[in-house]
There are 2 protein chains.
Amino acid sequence: MNEKKDLLLKLGSRVRDIRLSKGLTQTELAHSLGKDQQSIQRLETGNVNPSYIYLLQIAKGLNVELNELLNF
Amino acid sequence: MNEKKDLLLKLGSRVRDIRLSKGLTQTELAHSLGKDQQSIQRLETGNVNPSYIYLLQIAKGLNVELNELLNF
DNA sequence: ATTATATACAACAGATACGTTGTAAAAATT
DNA sequence: AATTTTTACAACGTATCTGTTGTATATAAT
C-alpha cells in the first residue's frame with residue numbers, strides 16, 4: 001500500500017509545517033505533551049499511523065483544532 | 001483515563017449517527033470497506049482507538065469528509 | 001576544534017489495533 | 001411464536017503503535 005504511505009507522509013508534512021510555523025522544535029513539542037522527540041520524528045516522517053487520541057494530543061500541542069491539522 | 005474513553009465514546013456515537021442517517025447497517029458499512037461487522041461495532045461502542053488510516057476509510061464508507069466525521 | 005542543538009534511525013518491550021471466528025442478545029418482520 | 005435481521009461481546013493471532021534507550025548525522029555556535 002503506497003497509498004497508505006503517501007497519506008502518512010502528507011500527514012507528517014502537515015504536522016511539521018504547523019510545528020515550524022509555531023517556532024517549535026520536535027523536542028519542545030514532544031515535551032509539552034509528555035512525549036519524546038523520537039515520537040514526533042516518527043510521525044513527521046510518515047513512519048507511523050497515529051491513533052485518534054494521539055492526533056488529538058498533537059493538535060493540542062500545536063494549539064490548532066483537529067480539523068486544521070487534518071485539513072489538507 | 002476516563003477522558004480518553006469519553007472521547008472514543010463520542011467518536012463512536014458520531015460514526016453511528018452518520019451511518020444511521022445514511023440508512024446503513026453495520027454490516028453494510030463494514031462490507032463496503034472489506035471489513036467485518038464486528039470492526040464497526042467496536043468503533044461505535046468506543047472500544048477502540050482507531051488509526052488515522054482507519055478513520056479515513058470510515059469517512060469514505062460513509063461518504064463524508066474526514067472533517068465532517070471529526071467535527072463534533 | 002569542541003560543544004551544543006536539531007533531526008533521524010534502529011531496536012526493544014508492553015499495550016493495543018485490526019481482522020477474524022464464534023456466539024448471544026435484541027429487534028424487527030412475517 | 002418463529003424466523004430473520006441487526007447489534008453486541010469475547011477471544012485469538014498478527015501486526016503495529018507508543019514510549020523508551022541508544023546512537024548517528026548535520027548544522028550552528030562558541
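The chains referred to below are lettered A, B, ... by the order of the sequence lines, with proteins before strands, and numbering in each begins at 1. Quick caveat, the model's predicted, so the values are computed rather than measured. No hydrogens, no waters, no symmetry mates; every other heavy atom, side chains included, goes into these values.
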**OP:** May I have the distance from A:Leu43 (atom CG) to C:dA8 (atom P), rounded to whole angstrom?
**Re:** 11 Å
**OP:** With DNA chain D as reference, determine whether B:Glu28 or A:Val48 sits nearer its 5' end, using the nearest nucleotide of each.
**Re:** B:Glu28
Subject >> Any B:Gln26 side-chain nitrogen or oxygen under 4.0 Å from OP1 or OP2 of D:dA8 >> reply: yes
**OP:** For atom NZ of B:Lys22, decide whether the heavy atoms of other residues, nucleotides or ligands shown that lie under 6.0 angstrom number more than 12.
**Re:** yes
Subject >> Nearest to side-chain heavy atoms of A:Asn49, which nucleotide of D:dC17, D:dT7, D:dA8 >> reply: D:dC17
Subject >> Nucleotide D:dT20, atom P - distance to CD1 of A:Ile40 in whole Å >> reply: 12 Å
Original post:
With a 3.5 Å cut-off and no angle check, do the side chains of B:Gln26 and B:Gln37 form a donor-acceptor pair?
Top reply: yes
**OP:** May I have the distance from B:Gln41 (atom CD) to C:dA24 (atom P), rounded to whole angstrom?
**Re:** 16 Å
**OP:** Would you kindly give the CZ-to-P distance between B:Arg42 and D:dC12, to the nearest whole Å?
**Re:** 14 Å
Original post:
A:Glu44 CD to C:dA6 P: how many Å, rounded?
Top reply: 14 Å
**OP:** Mind calculating the distance between NE2 (B:His31) and P (D:dT6) to the nearest angstrom?
**Re:** 11 Å
Subject >> Atom-pair distance (CG on B:Leu29; P on C:dG19), nearest Å >> reply: 12 Å
Original post:
Among the nucleotides C:dC18, D:dT18, C:dC9, which one has an atom lying closest to any side-chain atom of A:Asn47?
Top reply: C:dC9
Original post:
Should B:Ser51 be listed as having a side-chain N or O under 4.0 Å from OP1 or OP2 of C:dC18?
Top reply: yes
**OP:** Scan A:Ser39 against the nucleic acid and name what it touches under 4.0 Å (heavy atoms): base, sugar-phosphate only, or nothing.
**Re:** base
**OP:** Would you please confirm or rule out a distance under 4.0 Å between OP1 or OP2 of D:dT6 and any side-chain N or O of B:Arg19?
**Re:** no
Subject >> Beyond-backbone contact of B:Asp36 with B:Thr27, side-chain heavy atoms, under 4.5 angstrom >> reply: no
**OP:** In whole angstrom, give the distance that lies between atom CG of A:Asp36 and atom C1' of D:dT23.
**Re:** 14 Å
Original post:
Is A:Arg19 paired with A:Glu44 through a side-chain N to carboxylate O contact shorter than 4.0 Å?
Top reply: yes
Original post:
Without hydrogens or angle criteria, can the side chains of A:Lys5 and A:Asn47 be said to hold a donor-acceptor pair below 3.5 Å?
Top reply: yes
Original post:
On a plain distance test, is the side chain of B:Gln37 in donor-acceptor contact with the base of C:dG19 below 3.5 Å?
Top reply: no
Subject >> Nearest-neighbour nucleotide for the A:Thr25 side chain, C:dA6, C:dC18, D:dT18 considered >> reply: C:dA6
Original post:
Closest to the A:Lys35 side chain: D:dA8, D:dT18, C:dG19?
Top reply: D:dT18
